[in-house]
Amino acid sequence: MRRRSERRADAVPRRVLLPLAAILPVQVVGWVLPTWYPMILGMSLAVVDAIGVFYLTRVARLGLNVLPCRMGAVARGLGVVNAVTLTVWLAGGPAWLWWAAVATHIGGMALLGLSTVLGPLLRLSGPHRQAFAAEMLAVGAAAVMVVWFAGLDPALLSGQSGAAWSIIGGLLVADLMLAMAIAAMMLRGMVDHWRDPITVLITGMTLAILADTRWATGLPGGVERLVEPTGGVLVVTAHLLLTLSPLMSASGVGSVIDRARRAGPPRWVAYLPLAALVTGVTLLLVVIVRTSGFLRWSGLVVAMAVILAAVTFRYWLSLRTSRARAGRDPETGLANRAGLKEALAAVVRAREPFGVLVIAVSEPRAQHRMSVILRGNVRAEDLIARVGPAAFGVLLTDAGVAGEATVAAQRVLAAAEADGLRCSIGVAVARAGEPARTVLRNAEIAMSHAARSVTSTFAVHEPSMNDRRAADAAIAEALEGALQRDEFTVLYQPIVDLASGRVVAAEALLRWQHPLHGAVSPATFIPVAERSGEIVGIGRWVLEQAVRQVAAWRAAGADLSVTVNVSPRQLQEPHLARDVLAVLERAGAPAESLVVEVTESAMVDEAVEVAALRRLRSAGVRIAIDDFGTGYSSLQYLTRLPVDILKIDRSFVAQMDGTPEGAAIAEAVIRLAQILRLTTVAEGVETEGQAAELLALGSERGQGYLFSRPVPPEQVSALVARRQDAVA
């Protein structure tokens, strides 16, 4: 951190800062010695513009708006030529140097304005570019009308020569480009703080327009007005600010690009074209009244004023309505993602502390229920937004620490669970100077982390989560095409009848052997495949392999069934039941040889998931609930679900130590299964004691390392044969 600050300080050398700081005090000498001032002015402008050329070139090398900065460097180079030429002419040079000085000044200012306009135009495309150009022309033209009315029109009325007319026309073109540049930066929302380089640049351009206007109104005596201390200080100040802007950018003070991306245009910017229209028409009406009298044109003036008022009011209503529509979700009436981003940008501009919640609901069609829950459990001053089909965001104002945001998350979580909704909440709190989009992204990352849990929960963002997200992205990329590259294999873990010791079934377990990373844990890649959608194709392949294998076992005389896990993402597929039955038919395996295993938390939509399971069960396929007892609504759903088998989670089996306390939960699950006439399978059986205790409690089947680790299919056949021999 220290080295970085040292580099930033060294980025603005003192040998540059000292001359710049001395420019304005040097102008005081001109007040004391007026005859020296033309030389002081010329040297001051030459030094300031030369430094501007250097730093604009440096900013271009840093990759910030390369083409506009290079054009700006050329424009400031013309300023150096202008300063030198004007100084030589004032020292007694030939008359043509005067015209060269005027031409280089007009060309430099026009090119400077064009370079600033070019940046936004290049970044936009299509209708957005056309709309931006139209708005920019309107605002820029209004600025020129003000300059013309206040300064150039009096000069023209005074009766100038043809030479003066040409100079005034050139200045008008240059000032038009500068006015359009100011309009372009304001319309893009780049004015955020007075110390920002863009604000300094706009101020310098505004002073340059005022200096040109002051000079033009004094023609033909404009040269004297330019080189006198009063006019000269205005010109030097304008050029000094135009140089400070790239110097600040090159020194790391306020990135223009980051500022524009972070905040976006403030609301008042949308009304600039309307303000330009009002300004232009008002000036025309004033000119008509002043030159021709009110009585002659009274009808037209009043009618035009009424039309202008009506059009202004209608435009204002349209803007307000379009903003309301653009920032609102039509289904819930909440703010949408654009509205949330706008609100986030506003609190960032105001430098207020805030936090963000991102809530993902497991049930896609529960948006109205969740919106009611959120309205009832966040403060009135907090903003609620719908940011996706089943996702919401909450802007928590005045939430400066994570503890304040987590209280809100816990309140929402409790209310959602009470309403039977499972949701995952990500929490992020803004750090000092952190852009709004980063805080929102951090909350989304934390939500993804919370979504890995099978139960409702929340997670507070930590920097390490970004590393995990990058790792997940690498896994998702590696998963693409892994199936086609034959990187997956299916192993089978036997399920044993606890009473007889016979192998009665086997669970199909997916394994991934990556050519570079080696064996990747299912706990690592399955959630990523679930989120990316790759799990659908992978799950279909596992089902095909398992059904073919159970058909082969049965053909060899082994009366086995196979259990296949179906993920929540697969359950949402509309043709799941049809595809499963088609696989059974192709393999020639009976429906009763297949057990489809799902987690209880995956079955929340009776119209899709549960309907598919009912169809499978009616065809003879058995349904198993995996990790029973770890979900959030087991008893509520169990009586309505098409279930044949309950699998006791390994965490409950691990607690069994021969005591009533250790066996309490496992015993409760077994008793419930007996009442509902369901088969129980205990997972994670590792000791003979656990197997004996489960059998005594009434569990029919067991699965775990005590009997076998996951093995290839041929080893399952050998294990079946050995256990049959042992029983016999």
Between atom [atom1] of [X] and atom [atom2] of [Y], what is the distance when rounded to the nearest 0.5 Å?
| X | Y | atom1 | atom2 | result |
| --- | --- | --- | --- | --- |
| Cys69 | Arg76 | SG | CZ | 12.0 Å |
| Thr87 | Ile40 | OG1 | CD1 | 11.0 Å |
| Asp49 | Leu240 | CG | CG | 10.0 Å |
| Arg441 | Thr438 | CZ | OG1 | 4.5 Å |
| His461 | His449 | NE2 | NE2 | 10.5 Å |
| His105 | Leu86 | NE2 | CG | 10.0 Å |

Might you point out which heavy atoms bring [X] and [Y] nearest each other, and give the distance in Å?
| X | Y | answer |
| --- | --- | --- |
| Thr243 | Gly52 | CG2-N, 3.6 Å |
| Phe354 | Val348 | CE2-CG2, 3.9 Å |
| Ala181 | Gly113 | CB-O, 3.5 Å |
| Ala345 | Ala436 | N-CB, 4.2 Å |
| Pro94 | Trp89 | O-CD1, 3.1 Å |
| Ala443 | Ala428 | N-CB, 3.5 Å |

Test [X] against every option in [options] by the side-chain contact (heavy atoms from CB on, under 4.5 Å) rule and name the one that passes.
| X | options | result |
| --- | --- | --- |
| Met109 | Leu114, Leu178, Ile209, Leu78 | Leu178 |
| Ile51 | Val47, Val48, Val53 | Val47 |
| Leu207 | Leu242, Asp212, Leu234 | Leu234 |

Min side-chain heavy-atom separation [X]-[Y] under 4.5 Å:
| X | Y | value |
| --- | --- | --- |
| Phe54 | Leu247 | no |
| Met71 | Leu111 | yes |
| Val439 | Leu344 | no |

Query - Non-neighbouring partners of Asn82 that pass side-chain hydrogen bond (donor to acceptor under 3.5 Å, both in side chains), sequence neighbours left out - result: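 Listed in chain order: nothing, the list is empty.
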For this session: With sequence neighbours left out, write down each residue that passes side-chain hydrogen bond (donor to acceptor under 3.5 Å, both in side chains) with Ser245, or none if nothing qualifies.
Result: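 For Ser245, no residue satisfies side-chain hydrogen bond (donor to acceptor under 3.5 Å, both in side chains) once neighbours in sequence are set aside.
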message: Check whether Arg337 reaches the backbone of Gly393 with its side chain - one donor and one acceptor, N or O, closer than 3.5 Å.
response: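 No: the side chain of Arg337 does not pair with the backbone of Gly393.
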Task: side-chain contact (heavy atoms from CB on, under 4.5 Å) involving Val81 - partner list, sequence neighbours excluded - done: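 Partners of Val81 under the side-chain contact (heavy atoms from CB on, under 4.5 Å) test: Thr85, Thr104.
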